[in-house]
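Quick notes on the structure that follows.
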Amino acid sequence: MAEIVAIKPAPEGPVSSVLKEGVLRLTLANPPANALSIATMAALQAEFDRARDDKAVRVIILAASGKLFCAGHDLKEMTLHRADADRGRAFFERSMAACAQLMQTIVRHPKPVIAEVDGLATAAGCQLVASCDLAIASNEATFCTPGVNIGLFCSTPMVALSRNVSRKQAMEMLLTGETIDATTAREFGLVNRVVPREYLNQIVNKYAQTIASKSPLTLKIGKEAFYAQAEMGLTDAYEYASRVMVENMLARDAEEGIGAFIAKRDPKWTGE
């Protein structure tokens, strides 16, 4: 039986976390909607911030309890603030800022983040999936950006969505607001794999353990470089990536990894 390094459940909070063998599993634990309320976003932000410098964390899995992965922003919470003197403007700005910060934290996080999706991921919930580095979905998962149906275009989910799927496919989801199944989401490029629900956890854990076995420094360098070069022109991207490769080559882990490959032995990573 594998040793559990650390367990920190939060049964009364919106997010629970378990750290086991280098993999931190964060679970949205506020069913049925698992909505991104201010409290939920703050809890997720705190977990990601803590994991940033925790050497015991190598990979992060983002999952959810209940039948929905995430229903997006908490519209009931937001509607209550329409009674404020400013008709909710200050609260809406606070909510959007918290969401934007959370999504950017995931993209810029030094640890790879895998979304484990079982159920509906809608609006900012779909944005959450698109912001993760990898996404594995069950065959029961569905996705949509339905804001257009209620007079609120999914403008912030659009940012993450349009960076994962083609423009035509993104606009199809944004303009129609219709739900797509997991197979279509895979065809669009929103998720990596679609698997039977009963195997979802097992397959996601296998991905996480495979990634966790790599050099943490190399993963950090590679993830940062991937997103940075994606925003550049071709020439700038090659110049930047070449500099990254040189610095990576000088790292102790690269020296160890190449030496181990030549000597036909397993590498011993130090993260340096």
Side-chain angles (χ1 to χ4, degrees), residues 2-11 13-31 34 36 40-41 43-71 102-121 124-141 143 160 164 182 185-186 190-216 218-220 222-223 226-227:
E3 179 184 0
I4 295 179
V5 177
I7 299 181
K8 185 184 58 175
V15 177
S16 66
S17 64
V18 175
L19 176 60
K20 180 179 178 181
E21 297 178 341
V23 178
L24 176 65
R25 173 176 286 269
L26 301 179
T27 304
L28 296 172
N30 189 27
N34 290 316
L36 294 179
T40 298
M41 289 189 289
L44 276 174
Q45 185 69 51
E47 292 291 351
F48 278 110
D49 288 346
R50 274 193 289 270
R52 179 178 296 277
D53 299 317
D54 188 346
K55 292 183 178 180
V57 177
R58 308 288 284 273
V59 180
I60 300 171
I61 294 173
L62 182 58
S65 59
K67 295 182 179 181
L68 272 72
F69 177 78
C70 178
L102 175 61
M103 302 303 167
Q104 291 178 79
T105 294
I106 293 171
V107 172
R108 294 172 179 166
H109 205 280
K111 317 294 173 70
V113 183
I114 306 172
E116 179 182 297
V117 190
D118 185 23
L120 176 64
C126 187
Q127 179 184 8
L128 196 58
V129 174
S131 297
C132 294
D133 303 303
L134 300 178
I136 314 299
S138 80
N139 53 1
E140 303 296 326
F143 306 83
N164 282 259
R186 185 179 184 277
L190 183 57
V191 302
N192 296 85
R193 288 192 62 183
V194 178
V195 302
R197 170 177 279 170
E198 59 268 29
Y199 299 120
L200 178 62
N201 183 263
Q202 177 183 344
I203 290 173
V204 171
N205 285 337
K206 183 178 179 180
Y207 266 83
Q209 289 296 339
T210 297
I211 296 170
S213 70
K214 316 303 181 185
S215 157
T218 303
L219 293 175
K220 177 183 178 181
K223 177 175 173 176
F226 176 85
Y227 291 110

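Note that the coordinates shown come from a computational prediction; the quantities given were computed from them, not determined experimentally. One-based numbering along the sequence shown.
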If you take all heavy atoms of [X] and [Y], which pair is closest and at what distance?
X      : Y      : value
Leu36  : Met41  : O-CE, 3.5 Å
Leu24  : Leu19  : N-CD1, 3.9 Å
Phe143 : Leu120 : N-CD1, 4.3 Å
Gly119 : Ser138 : N-OG, 4.5 Å
Val15  : Glu47  : CG1-CG, 4.3 Å
Val129 : Leu190 : CG1-O, 4.3 Å

Using distance alone, with no hydrogens and no angle criterion, decide if Gln209 and Asn205 have a side-chain donor and acceptor under 3.5 Å apart.
-> no

Candidate pair Phe69 and Asp118, rule side-chain contact (heavy atoms from CB on, under 4.5 Å), full reasoning | CA-CA 6 Å; Phe69 177 78; Asp118 185 23; over 6 Å; no

side-chain contact (heavy atoms from CB on, under 4.5 Å) evaluation trace for Ile136 with Val191 | CA-CA 6 Å; Ile136 314 299; Val191 302; over 6 Å; no

Is there a side-chain contact between [X] and [Y], using heavy atoms and a 4.5 Å cut-off?
X      : Y      : value
Phe48  : Leu102 : yes
Glu116 : Leu62  : no
Leu26  : Val113 : no
Val18  : Val23  : no

Go through the steps to decide whether Ser65 and Asn34 satisfy the test side-chain contact (heavy atoms from CB on, under 4.5 Å), and finish with yes or no.
-> CA-CA 8 Å; Ser65 59; Asn34 290 316; 4.2 Å; yes

Mark yes or no for whether [X], through its side chain, and [Y], through its backbone, hold a donor-acceptor pair below 3.5 Å.
X      : Y      : result
Asn164 : Ala130 : yes
Asp54  : Arg50  : no
Asn139 : Pro196 : no
Lys223 : His109 : yes
Lys220 : Lys111 : no
Arg186 : Asn192 : yes
Arg58  : Ala212 : yes

Rounded to the nearest 0.5 Å, how far does OG of Ser213 lie from CD of Glu21?
->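 Rounded to the nearest 0.5 Å, the CD-OG separation comes to 12.0 Å.
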
Does atom CZ of Arg52 have more than 12 heavy-atom neighbours from other groups under 6.0 Å away?
-> yes

Exceeds 12 heavy-atom contacts within 6.0 angstrom, atom OH of Tyr199 = no

Positive for side chain to side chain contact (heavy atoms under 4.5 Å, CB included) with Arg25, one of Ile114, Ile61, Val59 |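 Among the candidates, only Ile61 passes.
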
Give me the one residue out of Ile60, Asp133, Leu128 that meets side chain to side chain contact (heavy atoms under 4.5 Å, CB included) with Ile106.
->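 Exactly one option meets the side chain to side chain contact (heavy atoms under 4.5 Å, CB included) with Ile106, and it is Leu128.
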
